[in-house]
Amino acid sequence: MAEINSCKLPDDLEYHVDFNIWLRRAGDGTFEIGMTDIAQTLAGSIIHCRPKKVGKAVKEGKGLATVESGKWVGPVRAPFACEIVDRNDAVEADATLLNRRPYGEGWIVRVRPADGSEPSGLLDAASAVEPFRAYMAKHDLQECVHCEGFKC
């Protein structure tokens, strides 16, 4: 597992640094998508997550979900044009999963690339370290906050 100032980047995932998301290949051509440890720390204590509906077509850069914390409201953006094939209703029922388990139970949606092609521009954990280090410096983030308990 790669780590930057206590921010974790699991090796089995791919990353889109600009959108601060992770992707997990499901083996059937789909990808689970969620917020990185860095994203959940920047957002703070997350209070709402509203994934888009299954069947929704989403253009590259547009929102797959809306996330709200005490200090931020914004989209989780699509790294490529896709269709939502599944959504994690558990994060809508308990948005703190995004803080407590961003890489496990905190996945947000599962998508299929719109044209069936292989997505480009994704980085493995080792390749994402330096771009994320620059991202953290730009956002003045010294280290990640890990929320294994109920409240962050």
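This one's a predicted model, so the numbers in the text were calculated from it and none came from an experiment.
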Does some side-chain heavy atom of [Y] sit less than 4.5 Å from a side-chain heavy atom of [X]?
{"X": "Ile33", "Y": "Ile108", "value": "no"}
{"X": "Ile84", "Y": "Val58", "value": "yes"}
{"X": "Leu64", "Y": "Val111", "value": "yes"}

How many angstroms lie between [atom1] in [X] and [atom2] in [Y], if you round to the nearest 0.5 Å?
{"X": "Leu13", "Y": "Leu122", "atom1": "CG", "atom2": "CG", "answer": "11.0 Å"}
{"X": "Gln40", "Y": "Ile46", "atom1": "CD", "atom2": "CD1", "answer": "6.5 Å"}
{"X": "Asp94", "Y": "Arg101", "atom1": "CG", "atom2": "CZ", "answer": "10.0 Å"}
{"X": "Met35", "Y": "Leu97", "atom1": "CE", "atom2": "CG", "answer": "12.5 Å"}
{"X": "Leu141", "Y": "Met136", "atom1": "CG", "atom2": "CE", "answer": "4.0 Å"}
{"X": "Arg87", "Y": "Lys52", "atom1": "CZ", "atom2": "NZ", "answer": "10.5 Å"}

- request: Let me see the working for Leu42 and Trp72 under side-chain contact (heavy atoms from CB on, under 4.5 Å), right down to the final yes or no.
  value: CA-CA 9 Å; Leu42 285 169; Trp72 177 79; over 6 Å; no
query: Going through the checks in order, is the side-chain contact (heavy atoms from CB on, under 4.5 Å) test met by Asn99 and Ser69?
result: CA-CA 10 Å; Asn99 292 119; Ser69 71; over 6 Å; no
Look only at the side chain of [X] and the backbone of [Y], and say whether a donor-acceptor pair between them is shorter than 3.5 Å.
{"X": "Thr66", "Y": "Gly74", "value": "no"}
{"X": "Arg100", "Y": "Glu105", "value": "no"}
{"X": "Trp22", "Y": "Glu32", "value": "no"}
{"X": "Thr41", "Y": "Asp37", "value": "yes"}

- prompt: Quick one: do Arg50 and Glu92 make a salt bridge, cutoff under 4.0 Å?
  reply: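 Judged by the 4.0 Å cut-off on N to carboxylate O distance, Arg50 and Glu92 do not form a salt bridge.
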Minimum heavy-atom separation for [X] to [Y], with atom names?
{"X": "Pro75", "Y": "Gly63", "value": "CB-CA, 4.1 Å"}
{"X": "Val129", "Y": "Ala2", "value": "CG2-CB, 3.6 Å"}
{"X": "Trp107", "Y": "Asp86", "value": "CH2-OD2, 3.7 Å"}
{"X": "Ala65", "Y": "Pro51", "value": "CB-CA, 3.6 Å"}
{"X": "Phe31", "Y": "Arg25", "value": "CE2-CG, 3.4 Å"}
{"X": "Cys49", "Y": "Ala95", "value": "N-CB, 3.8 Å"}

message: What verdict does the salt bridge (Lys or Arg N to Asp or Glu O under 4.0 Å) test give for Arg77 and Asp18, after you've listed the backbone C-alpha separation in whole Å, the side-chain angles of each residue and the deciding distance to 0.1 Å?
response: CA-CA 10 Å; Arg77 296 187 188 279; Asp18 291 340; over 6 Å; no
message: Is the ring pair His16/Phe19 parallel, tilted or perpendicular, if the boundaries are 30 and 60 degrees?
response: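 The rings of His16 and Phe19 lie parallel, inter-plane angle below 30°.
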- prompt: Using a distance-only test with no angle check, is there a side-chain donor-acceptor pair under 3.5 angstrom linking Ser127 and Asp124?
  reply: yes
Shared hydrophobic cluster, [X] / [Y] (ILVMFWY, side-chain heavy atoms < 4.5 Å):
{"X": "Phe132", "Y": "Tyr103", "value": "yes"}
{"X": "Tyr15", "Y": "Val67", "value": "no"}
{"X": "Val76", "Y": "Val17", "value": "no"}

query: More than 12 non-hydrogen atoms from neighbouring residues, nucleotides or ligands closer than 6.0 Å to NZ on Lys8, yes or no?
result: yes
Disulfide bond (SG atoms under 2.5 Å apart) contacts touching residues 105-146 (sequence neighbours left out): Cys7-Cys144
